[in-house]
Amino acid sequence: GADDPEAGDHALVADLAGRLAPEDVQLYYQVALLGRRDLELAPDPRRGCEMTLLRMHAFSPDGAGSATAGQAAPGNARAGGDAPRRGTPRARARTATPDRTEVREGGDAPPAGDLQGGGDWHARVAVLRLGGMARQLANHCTLVREDERAVVLRLDPSGEQLRTPRGEQALERALREALGRDVKLTIEVGEVEAETPAARATRENEERQRAAEQSIASDPHVQALREAFGAEVEPGSVRPR
C-alpha cells in the first residue's frame, strides 16, 4: 500500500523509489535489522538510530541510488552547497550509464592499473571501483581463472542471493576498467576451496572479538573488581577497538 496516492507520504515514497535502486534498499533494510538488534547496546535510542543511519551512509551505492544531477544525496548536503570533503561519502550524478560513477569508501579510487599483474582475489576486490551489492557479490567469490578474454569466479552458495543481473554487470564493468581490456565475466555457484574476502573478514572480526574478550578477562582491574565485589562482565558488552 506504499504507492497509495491517498497516503500522506506518497510524494516522498515516490521520490525515493525513483532515486534508490532495489538492491540498495535491500542492503539498507539488512543494516536496519542489525541496527535494531544492537539498539539495547547504545547509550540511548537516538544515538543507536544515528549509528544505524551512519552505517547505511557509509556504503557507496552502485550508482542508481545516487542523487540526480544538481542535487545532493540525502545526508551529504551542507550549508551553502559546498562539495563534500575528501574521505566522506560523496554525492554522485545519475548518468546514462549507471554504476560508472561508483567510488570506494574512504577516498579516491586507486589507478586502474593496480589490478594488473596478478595478486590474490582479496587484493583485487580492494582496488575495484565497486559499491553496494556489487561489492558484496565480489566479496563472496573466489577467482577460478583469468585470461585475456575472460574472468571466471566461483560464488559461495551462502552468497547466492547477492547474485543479480545488475550486480554482475557492475562487477564486469569494474573488471574491464581495471584490467584495461574487454573481458567476459562468468560466475559459477559452488563450494569454494579458497577463503572468500567475506569469509576472511568474518574470521578476522571473530578473532578480534575473542582477543578483546580475553584482554578484558585478563585485565588486572577487572580481576580486582571480580574478587572484591563479585563483578561480572556483561555478556555481549565487549567490543574490539
Side-chain angles (χ1 to χ4, degrees), residues 16 20 22-62 65 73-78 84-90 103-107 120-123 125-126 130-142 155-162 167 191-192 194-241:
L16 291 175
L20 297 174
E23 295 88 348
D24 295 333
V25 174
Q26 174 65 23
L27 182 62
Y28 298 150
Y29 174 68
Q30 292 173 345
V31 172
L33 291 181
L34 294 175
R36 182 179 181 183
R37 183 197 64 184
D38 294 342
L39 272 180
E40 61 183 25
L41 302 177
D44 57 70
R46 178 189 176 94
R47 274 187 272 187
C49 180
E50 290 174 345
M51 289 305 299
T52 300
L53 293 174
L54 285 172
R55 290 178 193 171
M56 298 179 185
H57 193 57
F59 282 94
S60 296
D62 57 4
N76 284 349
R78 297 193 294 156
R85 292 169 293 181
R86 177 183 176 86
T88 61
R90 293 171 285 180
V103 297
R104 297 195 315 144
E105 180 185 349
D120 63 23
W121 181 242
H122 301 261
V125 171
L130 289 172
M133 296 296 283
R135 177 164 291 278
Q136 293 294 320
L137 174 63
N139 281 334
H140 282 78
C141 291
T142 59
L155 174 63
D156 188 280
S158 65
E160 189 170 3
Q161 73 279 3
L162 300 170
E191 295 299 325
V192 296
E195 188 178 45
T196 66
R200 175 183 289 184
T202 298
R203 173 177 56 79
E204 292 176 345
N205 287 337
E206 291 174 349
E207 291 174 351
R208 285 194 295 268
Q209 179 65 34
R210 286 194 296 269
E213 292 173 353
Q214 292 171 2
S215 175
I216 290 295
S218 61
D219 185 275
H221 299 290
V222 173
Q223 292 177 349
L225 289 172
R226 282 176 167 170
E227 294 174 1
F229 304 105
E232 293 293 339
V233 178
E234 183 177 351
S237 64
V238 178
R239 292 287 184 271
R241 290 182 179 178

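Predicted model, so just to flag it, every value in this text is computed and none were measured.
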(request) For Glu213 and Val238, work out which heavy atoms get closest and say how close. (result) N-CG1, 3.9 Å
(message) More than 12 heavy atoms of other residues, nucleotides or ligands under 6.0 Å from CZ of Arg203: yes or no?
(response) yes
(request) Measure the CG-NE2 distance between Asn139 and His122 for me, rounded to the nearest 0.5 Å. (result) 9.5 Å
(message) Just verifying a value: how many Å separate Leu20 CG and Gln26 CD, rounded to the nearest 0.5 Å?
(response) 13.0 Å
(request) Any chance you could measure Leu33, atom CG, to Tyr28, atom OH, to the nearest 0.5 Å? (result) 15.0 Å
(message) Please find the pair of heavy atoms, one from Gly132 and one from Leu27, that lie closest to each other, and give the distance.
(response) CA-CD2, 4.0 Å
(message) Between Leu41 and Met51, is there a side-chain heavy-atom distance shorter than 4.5 Å?
(response) no
(message) Closer than 3.5 angstrom, by distance alone: can the side chain of Thr202 be matched with the main-chain N or O of Ala198 as a donor-acceptor pair?
(response) yes
(request) List the atom of Trp121, the atom of Cys141, and the distance in Å for their closest heavy-atom pair. (result) CD1-O, 3.1 Å
(message) I'd like to know whether CD of Glu204 has more than 12 heavy-atom contacts from other residues, nucleotides or ligands below 6.0 angstrom.
(response) yes
(message) Can a donor-acceptor pair be found, under 3.5 Å and without considering hydrogens, that links the side chain of Asp44 to the backbone of Arg47?
(response) yes
(message) Heavy-atom count check: over 12 atoms from other residues, nucleotides or ligands less than 6.0 Å from Glu160 CD?
(response) no
(request) Specify the closest pair of heavy atoms between Pro240 and Ala212, including all atoms of both residues, with the distance to one decimal. (result) CA-CB, 3.9 Å
(message) If you apply the rule side-chain contact (heavy atoms from CB on, under 4.5 Å), what do you find for Met133 with Leu137, and how did you get there?
(response) CA-CA 6 Å; Met133 296 296 283; Leu137 174 63; over 6 Å; no
(request) With side-chain contact (heavy atoms from CB on, under 4.5 Å) as the test, would you mind laying out the steps for His140 and Val192 before giving the verdict? (result) CA-CA 10 Å; His140 282 78; Val192 296; over 6 Å; no
(request) Just do the side-chain contact (heavy atoms from CB on, under 4.5 Å) check on Val31 and Thr52 with the steps written out, would you? (result) CA-CA 7 Å; Val31 172; Thr52 300; 4.2 Å; yes
(message) Can you give me the closest heavy-atom contact between Met56 and Ala32, atom names plus distance?
(response) CE-CB, 3.7 Å
(message) We want to know whether Glu227 and Gln223 form a side-chain donor-acceptor pair, criterion being a heavy-atom distance below 3.5 angstrom.
(response) no
(request) Evaluate whether atom CZ of Arg239 has more than 12 neighbouring non-hydrogen atoms of other residues, nucleotides or ligands under 6.0 angstrom away. (result) yes
(request) Return the minimal non-hydrogen interatomic distance between Thr142 and Ala194, and the atom names on each side. (result) CG2-O, 3.7 Å
(message) Strictly distance-based, threshold 3.5 Å: is any side-chain N or O of Asn205 a donor or acceptor partner for the main-chain N or O of Ala201?
(response) yes
